[in-house]
Number of protein chains: 2
Amino acid sequence: MASTPRARKAPDRSGRAVTLQRVADHAGVSIATASRVLHGGGGRAVGEELRGRVLAAAAELNYIPNAPAQALARARTSVVGLIVHDVGDPYFAAIATGVMKAAREHDLMVMLAATFRDPQLELEYLRRLRNQRARAVLLAGSGFADPAFVGSLAESLGRFVADGGQVACIGDHGVEADTVAPDNRGGAEAAIGHLWELGHRRIGVVAGPSGLTTVRHRLEGVRRALERRGQVLGADCTVEADFTREGGRAATLELLARRPDLTAVFALNDGMAVGALTALRDDLGRSVPDEVSLVGFDDLPCALDVRPALTTVRLPLEKTGVRAMDLILDEGADRGSRRIVELEVELVVRDSTGLARG
Amino acid sequence: MASTPRARKAPDRSGRAVTLQRVADHAGVSIATASRVLHGGGGRAVGEELRGRVLAAAAELNYIPNAPAQALARARTSVVGLIVHDVGDPYFAAIATGVMKAAREHDLMVMLAATFRDPQLELEYLRRLRNQRARAVLLAGSGFADPAFVGSLAESLGRFVADGGQVACIGDHGVEADTVAPDNRGGAEAAIGHLWELGHRRIGVVAGPSGLTTVRHRLEGVRRALERRGQVLGADCTVEADFTREGGRAATLELLARRPDLTAVFALNDGMAVGALTALRDDLGRSVPDEVSLVGFDDLPCALDVRPALTTVRLPLEKTGVRAMDLILDEGADRGSRRIVELEVELVVRDSTGLARG
DNA sequence: CTGTTAGCGCGTTCAT
DNA sequence: ATGAACGCGCTAACAG
């Protein structure tokens with residue numbers, strides 16, 4: 001036709017976008033019938049004859065349903081949101097991998113959001129995911145221990161749920177929601193136990209920001225393991241810094257300056273451990289593990305690349321992502337109480353730990 | 001429960017979801033006015049009085065627009081799709097980081113899709129992104145050199161564009177689309193040049209699958225650099241394997257078995273380089289760089305953690321993601337010819353390369 | 001400046 | 001088994 005005033009879509013060859021209506025016309029059936037054969041949900045079946053015609057028409061026209069329109073009509077989308085601190089961090093990248101694999105098996109798309117550790121941004125993304133009417137949101141990464149923040153987080157999550165969305169946390173976010181979390185305390189205990197068995201009695205801890213729940217839990221594990229053996233974690237044996245390689249390096253320098261007599265260092269994640277290794281070996285000239293033993297946490301790929309290969313606590317990161325998706329998908333179970341899945345961790349002994357000297 | 005026949009949404013306290021209509025009612029204005037103050041686009045301004053009432057009502061009711069509904073009405077969404085091989089790979093994770101940062105600045109959400117190097121899955125995700133009516137798609141990662149695949153890819157992309165979507169490639173996908181790509185050839189030439197200057201004349205190459213365009217381009221750079229210096233790359237000087245650490249290790253073993261006299265190895269990405277380092281040092285007992293020099297490509301974080309620290313070609317990965325988003329956002333420029341942005345790379349000399357012996 | 005109204009593409013009763 | 005018609009929440013003419 002000459003003028004199409006309201007045409008806003010890029011036109012298909014024959015002038016308009018390929019909609020269900022067009023498929024129906026092409027097949028000589030009603031739009032309802034077309035909808036039924038293409039998206040089946042309607043309950044009733046459709047006769048072989050028409051069914052074939054619709055399928056053929058759809059194929060010929062290369063019809064693709066309009067997800068936003070379906071979302072509007074069904075009041076439900078097929079997207080889940082994944083909120084992480086930083087995709088560039090191998091820890092989150094591994095979780096994301098698990099999530100994506102699970103999503104694909106269930107025909108879900110995942111919207112990724114990275115907060116770069118800014119709590120406000122986390123709230124902001126929650127809004128945007130609500131705006132998008134995401135069917136569910138996966139909150140990954142360590143939570144922030146700040147009560148005020150946890151309050152607003154709970155509120156945002158509450159709204160999301162009120163809108164009909166589902167929520168699952170990966171790790172402890174201080175919120176009443178289904179959660180899958182690795183056994184951080186147990187992992188830390190295992191790490192300390194390992195060092196203890198090797199004869200280490202003066203162990204230092206290179207910790208991340210205590211505002212992160214993950215850090216708290218790992219520290220708790222350290223304390224518990226030590227106390228069980230009649231020792232308390234001295235205040236001068238813990239240094240807190242950024243949860244990164246650079247943080248680990250700085251913290252280790254400070255730690256060893258305060259306590260040059262330490263025979264072992266436990267870094268609360270592998271990033272920090274790699275930094276600690278650099279500090280120990282390159283800055284301080286202390287050989288690992290001959291003079292100082294080192295243990296990390298997470299078992300990121302880099303733990304293997306580094307020399308000596310890092311003894312660390314392995315987290316089933318990818319599986320964590322998958323499990324979180326399972327929580328989301330099991331819609332039946334969300335009645336009743338909160339579900340909590342604790343994932344087992346495993347100490348992986350490699351070359352960065354050895355017998356304590358003397 | 002009583003019976004709310006068509007209620008499909010989780011109800012708000014007062015019984016229904018918070019829609020624009022409700023906000024309008026609450027503020028005592030028409031829905032059009034509410035729309036105008038909340039989403040401004042309508043052209044005309046709104047009086048202070050009403051404007052204030054609408055804002056207040058929206059805040060009080062905690063209104064959040066329904067993106068699918070807006071998408072339907074406007075025939076345009078605010079989501080861009082990002083297709084990568086594997087988020088777990090630091091290479092793609094870095095690109096994704098750049099994309100996400102740029103997206104946030106422009107109020108766009110990103111849907112992530114990981115193909116795990118399965119071409120069919122790439123096509124499938126293109127369909128799904130078209131289904132979602134993504135405003136644009138970013139095709140990241142190395143393309144597949146298979147002509148048949150490139151054909152279907154071009155077709156899929158064509159449909160996407162016909163539907164009004166935009167496309168930008170990261171790296172060469174053999175397709176006529178706006179592209180941002182690092183200078184793979186130049187980087188490889190620089191790497192070889194560096195080794196040459198150090199006196200190396202017997203250089204082996206540890207390559208990824210030749211089906212990937214990235215690998216091809218890097219190999220071309222190698223050949224060009226060598227030929228410029230009067231040498232040709234011997235067939236026995238190149239081994240092809242998976243583009244991974246394990247691939248690098250295996251390929252290096254094979255390479256050195258064939259040519260024990262090599263004084264330098266160029267691995268076509270850092271993953272392979274790390275594997276090569278393991279093979280050289282641990283399996284073969286050859287010291288790096290004293291006996292064999294090693295160069296990688298990409299400058300992933302692990303290049304720094306490894307000992308000796310890896311000499312490698314740095315790619316501006318995060319910037320690559322940002323630039324690709326720029327192409328998407330510059331809608332004005334998409335008339336006329338194809339835009340190609342070539343990103344400069346930089347050789348970073350660290351400790352894995354040294355003078356050739358003898 | 002503000003309100004009315006007609007779609008956007010689709011799912012879903014409700015008749016037939 | 002099939003079709004007609006309404007509504008999902010919102011934008012964008014168009015009319016006042």
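These numbers come from the heavy atoms of this one structure, side chains and all, not from hydrogens, waters or symmetry mates. So that the names make sense, note that chain A is the first sequence line, chain B the second, and so on, each numbered from 1. These figures come from a predicted structure and were not determined experimentally.
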Look at the side-chain N and O atoms of [X] and state whether any lies under 4.0 Å from the OP1 or OP2 oxygen of [N].
X	N	answer
B:Q70	D:dG9	no
A:S30	D:dA4	no
B:Q21	D:dG9	no
A:H39	C:dG11	yes

For A:R159, which residues count as a side chain to side chain contact (heavy atoms under 4.5 Å, CB included) partner, sequence neighbours excluded?
A:R130, A:E155, B:N62

Set of residues satisfying side chain to side chain contact (heavy atoms under 4.5 Å, CB included) with respect to B:A27, sequence neighbours excluded:
B:V29, B:R53, B:V54, B:A57

Interatomic distance, [X] [atom1] vs [N] [atom2] [rounded to whole Å]:
X	N	atom1	atom2	answer
A:R74	D:dC6	CZ	P	22 Å
B:R133	C:dC10	CZ	C1'	11 Å
A:R76	D:dG7	CZ	P	24 Å
B:L72	D:dA12	CG	C1'	13 Å
B:L38	C:dT2	CG	C1'	16 Å
A:L20	D:dG3	CG	P	12 Å
A:D163	D:dG9	CG	C1'	13 Å
B:D25	C:dT2	CG	C1'	16 Å

Between A:E48 and A:I31, which residue's closest nucleotide on DNA chain D lies nearer the 5′ terminus?
A:E48

Answer with yes or no after comparing the ring centroid distance for A:H85 and A:F92 against a 6.0 Å cut-off, counting only values under it.
yes

Which is it for A:I64 and A:V18 under the side chain to side chain contact (heavy atoms under 4.5 Å, CB included) test, yes or no, and what are the steps along the way?
CA-CA 8 Å; A:I64 286 215; A:V18 179; over 6 Å; no

Considering only heavy atoms and no angle criterion, is a donor-acceptor pair shorter than 3.5 Å present between the side chain of B:R36 and the base of C:dG3?
yes

Let's test your reading of the model: under 3.5 Å, does the base of C:dG9 pair with the side chain of A:R22 as donor and acceptor?
no

Reckon B:P68 touches a base, only the sugar-phosphate, or nothing at all at heavy-atom distances under 4.0 Å?
nothing

Donor-acceptor pairs under 3.5 Å, side chain of residues 97-113 of chain A to any protein atom, not counting sequence neighbours: which ones?
| from | atom 1 | to | atom 2 | distance (Å) |
| --- | --- | --- | --- | --- |
| A:T97 | OG1 | A:A93 | O | 2.9 |
| A:K101 | NZ | A:E318 | OE2 | 2.9 |
| A:D107 | OD1 | B:R128 | NH1 | 3.2 |

Start at the 5' end of DNA chain C and walk down; is the nucleotide closest to A:Y63 or to B:T33 reached first?
B:T33

Among [options], the one nearest [X] by side-chain distance:
X	options	value
A:A32	C:dG11, C:dT4, D:dG3	D:dG3
A:P65	C:dT2, C:dG11, C:dC10	C:dC10
A:A69	D:dG9, D:dT2, C:dC10	C:dC10
A:A73	D:dC10, C:dG11, C:dC8	C:dG11

Between SG on residue B:C169 and CG on residue B:L153, distance to nearest 0.5 Å:
7.0 Å

Of all residues at least two apart in sequence or in a different chain, which pass the ring-ring contact (aromatic ring centres under 6.0 Å, His included) check with B:Y125?
none

End-to-end axis angle, where each axis spans five pairs of the helix from C:dC1-D:dG16 to C:dT16-D:dA1, to 10°
40°

Which pairs with one or both residues in residues 148-169 of chain B pass ring pair (Phe, Tyr, Trp, His ring centres under 6.0 Å), sequence neighbours excluded?
B:F144-B:F149

